[in-house]
Amino acid sequence: MSALATKKRNGRWLKWSAGLMGCALLAYFWQPVWAFVQILANREAVIAYLEQFGIVGPLLLALILILQVIVAAIPGHALMVGGGYVYGFATAFWINLIATVGGSQGAFLLARWAGRPVVERLTPAEALDKWNDVSIKKGLLFFMFSFMIPIFPADVMNYVAGLSALSGRRFFVANLLGRLPGVVLMTAVGAYGFQLSLTTWIGIVVAGVAMFLIWWALLARKEGK
C-alpha cells in the first residue's frame with residue numbers, strides 16, 4: 001500500500017474515531033447537557049448547576065461549549081461567564097478557549113466534509129446565504145475579525161468558512177486569534193464580575209474600537225483593489 005493511501009486510510013480512521021468519541025460523550029452526558037441548555041439564560045442557575053457536578057463539571061462545561069458552537073442557536077457567552085465564576089480565571093480560560101476553538105474547528109470540518117445539506121439542519125439557510133455573500137473571496141483576516149466583532153454571528157461563520165475555499169490551517173489561525181479576545185473578556189467578567197479597574201475597561205473599549213477600525217480599513221482596501 002502506498003504512503004498516500006495509508007495516509008488517507010489513517011485520516012478516515014481518525015475522523016471516525018473522533019466522531020464516535022464525540023457521540024459517546026454526548027450520549028453519556030445527554031441528560032445533564034439538555035438540562036443545562038434549558039437554563040442558559042439564567043447566570044445564577046448556570047453557576048449552581050455546574051457546582052453540583054464537582055470535578056466532572058469542567059468536562060461538562062467543555063462539552064456544552066462545543067455543542068453550542070456546532071448548534072448555532074445555543075448562546076455561549078453565559079457558559080463562559082459561568083465557567084469563570086465557578087472555576088476561576090485560569091482554569092475557565094483554558095476550558096473556554098480549547099472548547100470554543102475546538103468546536104469551531106469541528107463545525108468547519110463538518111461543513112467541509114458533509115456539505116450544505118447537513119449544515120442547513122444546524123443553522124438557518126438564510127443566515128448562510130447572507131454571510132456567504134458577504135464573505136465571498138475573503139481570507140484569513142476577514143474570518144479572524146468575524147470572530148472578534150459582535151456584528152458577525154461567529155457560530156454561523158464556522159460553516160460559511162467550511163463551505164468556502166479557505167484552508168483548514170488558515171481557518172484555525174483565524175479561529176484561534178479571533179476567539180481569544182472574547183474568551184478573555186467573558187472569562188474575566190465571570191471570574192472578577194464587573195469589578196475590573198477603570199483602566200482595564202478603557203483598554204477593552206479602545207481595543208474593541210481599534211479592531212473594528214482595522215477590519216474596516218482592511219476591507220475597504222481590499223475592495224478598492
Between Q105 (side chain) and G168 (backbone), is there a donor-acceptor pair under 3.5 Å?
yes

Rounded to the nearest 0.5 Å, what separates atom CG in N132 from atom CZ in R116?
7.0 Å

Could you go through the side chain to side chain contact (heavy atoms under 4.5 Å, CB included) check for V173 and M144 one step at a time?
CA-CA 8 Å; V173 173; M144 182 181 74; 6.0 Å; no

Please examine the side chains of L128 and Y159, heavy atoms only from C-beta on, and report whether any two atoms are closer than 4.5 Å.
yes

Less than 6.0 Å separating the ring centroids of F142 and F152?
yes

Apply the test side chain to side chain contact (heavy atoms under 4.5 Å, CB included) to residues F93 and V184: give CA-CA distance (whole Å), side-chain angles for both, the deciding distance (0.1 Å), then the verdict.
CA-CA 7 Å; F93 168 78; V184 170; 3.7 Å; yes

Would you name the heavy atoms of A174 and L140 that are closest together and state the gap between them?
CB-O, 3.5 Å

Here the gap from L63 atom CG to I95 atom CD1, rounded to the nearest 0.5 Å, amounts to 12.5 Å

Measure across M80 and V183 and return the closest heavy-atom pair with its distance rounded to 0.1 Å.
SD-CG2, 4.0 Å

State, with a plain yes or no, whether a side-chain heavy atom of Y192 is found less than 4.5 Å away from one of F89.
yes

Nearest heavy-atom contact between T187 and A92 is CG2-CB, 3.7 Å

Check whether any side-chain heavy atom of L110 lies under 4.5 Å from a side-chain heavy atom of L122, and answer yes or no.
yes

For N158 and A107, which heavy atoms make the closest approach, and how far apart are they?
CB-CB, 3.7 Å

Beyond-backbone contact of V118 with W113, side-chain heavy atoms, under 4.5 angstrom:
no

Using atom types as modelled and distance alone, determine if a side-chain donor or acceptor of S104 lies under 3.5 Å from a backbone N or O of V101.
no

Looking only at non-hydrogen atoms, find the nearest pair between A99 and A62 and report the distance.
CB-O, 3.6 Å

Do the non-hydrogen side-chain atoms of V69 and R179 ever get within less than 4.5 Å of each other?
yes

Do L61 and L79 come close enough that some side-chain heavy atom pair is under 4.5 Å?
yes

Determine the interplanar angle of the F171 and F143 rings, folded into 0 to 90°, and report it as parallel if under 30°, tilted if 30 to 60°, perpendicular if over 60°.
perpendicular

Has the side chain of R112 got a donor or acceptor atom that lies under 3.5 Å from a matching backbone atom of S164?
yes

Sub-4.5 Å side-chain heavy-atom contact between L180 and L97:
yes

Would you indicate whether the side-chain heavy atoms of Q68 and T100 approach each other to under 4.5 Å?
yes

Can we say E126 and K130 salt-bridge, meaning some charged N sits less than 4.0 Å from an Asp/Glu carboxylate O?
no

